[in-house]
Every structure is written in structure tokens, then in C-alpha cells.
Amino acid sequence: MIPTISAIKTAYPDATIDVLAEKRNSAIFRLSPQIRRVFHYDRPAELFRALCGSYDVVIDTEQWHRLSAVVARMARAPVLIGYATNERARLFTHPITYSQDEYEIDSFFRLLTPLDVAQRKVSFPFLAIPREAVERGDALLREIKEKAFVTIFPGASIPERRWGAERFGKIAEMLAALGMAVVVVGGREDEGQGKVIVAGGAGLNLAGRTSLSETAAVIQKSALLVSGDSGVLHIAVGLGVPTVSLFGPGRAKKWAPRGDRHLVIDKGLTCSPCTTFGTTPPCPIAARCMRDITVDEVCNAVTVLLAATGGLPSSCCQDKEGGKRRS
């Protein structure tokens, strides 16, 4: 959504933009300097203040649930914009079509059509990390002594999107053989997986030790991020960091990063993707779409992308005697 916010500020530089979000995902907006302030749905006093604000336009970015459309209507702005995916369409002055097959950034840009905002190009990076978070990230990374590193995020919002700590550990071992470290990021719930991944002494486990802004600061310093379909993946994209992403239940066509700095692994099973409007049904075949992604596939994608983006240590690209590139 943040490129959409940037487009509004470009078209209307004097506009002030507030965001109403849940506390669980509001920290990401600290990385967008175009936002004046963030209110929280789940703090009644803040919700009340948001509803009492005098806004010219309210844009509801939720795609399916009705409650956010009701809240948008309660704000009483003359222009109400939102997705027309169900009965919620009746609550907007400008209902907007939504497709499950459209790249999500393009879907968000579609919300700007009633505002005559023509910008549709995304400039990278589009996230800005607060100085204190950068300093904290630098302090944590001293533990790997300025060694080149790859960031791994093993977490996922649902079990069906997890690839497995042991498999990520194999990636860490491969990178260690190339002279690179691994830094694991994530929440407290990912701390155990992080220990498994770096158990061979291949890197640093920061899972549970950083805020979202500090996690972004760590990712920004890395040569590449390896992750499943996740919010952390989108942070790396917003920072302009190369990524290798693993997709299974999620809709790669809608959510996977695009461009030559990103490699997406998706087995394309006939039952995949199965996630619709953020809901994934129980899987009768134990998420084979993720299990079928092999360690060799991910190792190959990581090394190819590191080589293409100049992320490999020079010792991996030259032999010691002649200084020629290895094949």
C-alpha cells in the first residue's frame, strides 16, 4: 500500500495522510515518512479520534470484510473509496473492482482512479528506516564482524506456508561453504527455528530480538533475503533488496515480487493457490506445494541470484591463482 500513499503525496503534496490500522500490523507505517499519524482500530480512544477527524477522502483498502467499510462510512467523508467485492460496495461513493489475478500493487493503484492520480510506477526503495533502528541493527550485526550475509525469515502466518527450519539450515550450511553468514529474523515465535538454522555455527539468530524497524535495518544490510510468502518478504522488496521467495498456498501472481532481482519458487500444483482473501482452507495433502520445494532448488536460486546481483564474496567468483571467474 505504501507506493499508493507515495503516489497520493506526489499528486497532492499539501495533503495530510492518516492511517487506521490494527496494532499487529501498524509498525510498518513507521517506514513511510509520507504518513502524518497512525491510529489503531483496537484502541477505542484512537478509533474514536479517527472517526471524529475531518477528512476529504477516506480510502478503505480492505478487500473483503465488511467492518472496515462500515468504519469508512462512519467517518462521513464526502468521498469514500473501496473495493466492491460484496455488499460493502453499497457503502462507498466510488466502489472499485478487484481481481484475485491482479498484482496487488496494481490493485491498490486502482483505488486512486477517482482521485485522478496518474502515477502507476513504483520507485525502489520506497521504505525509509528510522536512524535509531539503523544504529540498533548495526550494533546487532557486529556479532558477524562485517561478514557478507543472507537474511532468512522462516516464519509464516499459517503452518501451511512454512518450509521447515531443517531445510533452511541446509541453506545456511551451503552459504557458509561460500564464505557467507546467515542472519535469521522473525518474532519470538520464530526463535526456536532460528536456533536450528544456525546450529552449525553458520550465522546469527536475531529472531525475537528486533522490532519491525530493526528487522528492516538488518535486511537492508543483507545481500539477499530468503523467505516464504510473508510481510517480511514485502519489506525486503520495499527496501530494494534481492529476494528468493517460496510460494505454495498463496497467490504468486498477486503477491510474489517482480523484476530481475527476485526469484520465485512455486511448484504450480493443480490445487494451488488455494488462499482467497487471506483465508487458506485445511489442506488434505499436508501442504505438498511447500514440501515439494527442494533444498537443491532453493540453493540454486540463492547462488544464481547472488551471482547476478554481485552479492557473492569475491573469493567465490575468482580462483586464488589466476583471478578468473569460475563457471
Side-chain angles (χ1 to χ4, degrees), residues 27-28 30-31 125 127 129-157 161-228 230-246 261-263 295 298-299 301-303 305-307 309-316:
I28 188 62
R30 295 175 189 164
L31 307 184
L127 299 178
I129 304 173
R131 180 176 56 81
E132 61 273 16
V134 172
E135 292 173 353
R136 170 65 175 160
D138 289 345
L140 290 168
L141 290 173
R142 290 194 192 109
E143 294 185 42
I144 58 172
K145 302 176 181 178
E146 299 186 356
K147 200 172 186 179
F149 70 95
V150 166
T151 304
I152 289 178
F153 175 63
S157 57
R161 293 188 182 185
R162 294 186 183 273
W163 192 51
E166 293 78 9
R167 289 178 162 190
F168 280 120
K170 296 293 184 183
I171 307 302
E173 291 174 7
M174 179 273 293
L175 289 165
L178 294 176
M180 299 191 72
V182 160
V183 175
V184 180
V185 296
R188 292 179 181 176
E189 67 276 12
D190 305 308
E191 186 176 356
Q193 291 194 87
K195 289 179 180 178
V196 172
I197 293 168
V198 303
L204 174 64
N205 180 19
L206 294 182
R209 296 175 58 186
T210 57
S211 67
L212 188 69
S213 295
E214 292 163 355
T215 296
V218 169
I219 293 171
Q220 188 178 49
K221 297 281 187 179
S222 66
L224 181 149
L225 171 79
V226 184
S227 171
S230 66
V232 172
L233 170 65
H234 302 309
I235 289 175
V237 175
L239 293 169
V241 173
T243 67
V244 172
S245 54
L246 319 181
R261 291 171 62 82
H262 306 285
L263 290 179
V295 170
V298 180
C299 282
V302 168
T303 53
L305 192 55
L306 284 173
T309 57
L312 284 174
S314 58
S315 59
C316 297

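In this structure, the side chains of Thr151 and Thr215 stay at 4.5 Å or more apart for every pair of heavy atoms. Using a 4.5 Å heavy-atom cutoff, the side chains of Leu306 and Val150 are in contact. Side-chain contact check for Phe149 versus Leu204: every heavy-atom pair is 4.5 Å or farther apart. With contacts defined as side-chain heavy-atom distances shorter than 4.5 Å, the pair Pro130/Leu31 qualifies.
Residues Val241 and Leu224 share a closest heavy-atom pair of CG1-CA, 4.1 Å. Among all heavy-atom pairs drawn from Val185 and Pro154, the shortest one is O-CD, 3.5 Å. Shortest non-hydrogen contact noted between Val218 and Gly137 is CG2-CA, 4.3 Å. Contact detail for Glu143 and Arg209: the closest heavy-atom pair is OE2-NH2, 3.0 Å. Between Ala217 and Val134, the shortest heavy-atom distance links the atoms CB-CA, 3.9 Å. Of all heavy-atom pairs spanning Leu225 and Leu233, the tightest one is CD2-CA, 3.7 Å.
To the nearest 0.5 Å, atoms CG (Leu263) and CG (Leu246) are separated by 11.0 Å. For the atom pair CZ of Arg136 and OG of Ser211, the computed distance is 8.5 Å after rounding to the nearest 0.5 Å. How far NZ of Lys221 is from CD1 of Ile129: 9.0 Å, rounded to the nearest 0.5 Å.
Between the Arg161 side chain and the Ser230 main chain, no donor and acceptor come within less than 3.5 Å of each other. With hydrogens and angles ignored, the 3.5 Å screen pairs no side-chain donor or acceptor of Gln193 with any backbone N or O of Asp190.
Using a cut-off of 4.0 Å between Lys/Arg side-chain N and Asp/Glu carboxylate O, Glu135 and Arg131 are scored as salt-bridged.
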List, one per line, each side-chain donor-acceptor pair under 3.5 Å for residues 162-182, sequence neighbours excluded.
unit_1	atom_1	unit_2	atom_2	d
Arg162	NH2	Ala156	O	3.3
Trp163	NE1	Ile293	O	3.0
Arg167	NH1	Met290	O	3.4
Arg167	NH1	Arg291	O	3.1
Arg167	NH1	Ile293	O	2.9
Arg167	NH2	Arg291	O	2.8

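Listed by first then second residue, pairs satisfying salt bridge (charged side-chain N to carboxylate O under 4.0 Å, His left out) with a partner in residues 145-154 number zero, not counting sequence neighbours.
The side chain to side chain contact (heavy atoms under 4.5 Å, CB included) with Val183 is formed by just one residue from the set Asn205, Leu206, Leu140, Ile197; it is Leu206.
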